[in-house]
Amino acid sequence: MTDPANNPAPKAGIPARLHASPLSAGMVVPFVTLAHTDRTRPIWGKLDPDRVQKAFKDRLCQICGDPLGDPFVVYIRPYDFRTGVAVEAGLHPECGQYSTAVCPMLAGAMDRHNPNPLTEFRRCDDPACTCALWRAAERDAGDPVREGTPAEAWYEASISLADYKIVTNPSDQHDAPAVGISLRPPTRIGRLRKIRDAAPAPDSERHIDPLAMTMAVREFFGLGEHH
Ligand SMILES: [Zn+2]
Ligand SMILES: [Zn+2]
């Protein structure tokens, strides 16, 4: 928790849990976002693989970096339903609420992922900063098609901390290996709600029908309508 005495200025729209988090352009820099040692200098849209791994392993919130509570939430696409793995780290519900309010992807304000987040960055003056190792146009492992593809539908799923389990899907000829939080039974999804619709895509780029997939998944998990 943040000591209010150290933080006299209230930050409008930012939940108390995130008041100690670094800010860039008035927005909280998520724990898992790639950034210089000075974390007020993030590479928006780019994940730090070491921080993602730590969040999964230590059950941390991907926004504030603190341990998750019970229940926590995950943000998932229809594809994640199908493979049974939530590939993004969990969140506190209030950190999720904040991120859906400010994240252009989840809020539906941008219809394409940033095609190449690392094409533009400047190395900083700290010799210990990992930016010395960054390379332009590097892709996130296990997510080869996401950048530059049409934005997909996103759902928020609420999961009990008792069901927290990290699983790995082996790669096949179509999909890269996926590591993340299990969505398969016995994991119970307490609440499922749509955060945003998929962006319109030409037929040639449309690989799945999100609605059909969601209905199939609801059937798979024995989920009724919103609850
Ligand atoms: Zn740096
Ligand atoms: Zn959090």
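Counting from 1, the numbers follow the sequence of the chain as shown. Ligands are counted one by one from 1 in listed order, and the atoms in each one are counted from 1 as well. A quick note: this is a predicted structure, and the numbers were derived from the prediction, not measured.
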To the Zn ion (ligand 2), the closest N, O or S atom belonging to His92 is ND1
Practice task
Give me the ring orientation class for Trp134 and Phe121: parallel if the planes are under 30° apart, tilted from 30 to 60°, perpendicular past 60°.
Solution key: perpendicular
Item checked: Salt-bridge criterion met for Glu156 and Arg191 (N-O under 4.0 Å) -> yes
ND1 (His36) to the Zn ion (ligand 1) to SG (Cys124), nearest 10°, is 110°
Per side chain to side chain contact (heavy atoms under 4.5 Å, CB included), Leu18 is matched among Cys95, Pro30, Ser99 by Cys95
Here the vertex angle at the Zn ion (ligand 1) for SG of Cys129 and SG of Cys131, given to 10°, is 100°
Exercise for the section: Kindly check if the number of other-residue, nucleotide or ligand heavy atoms within 6.0 Å of CG (Asp70) is above 12? Expected result: yes
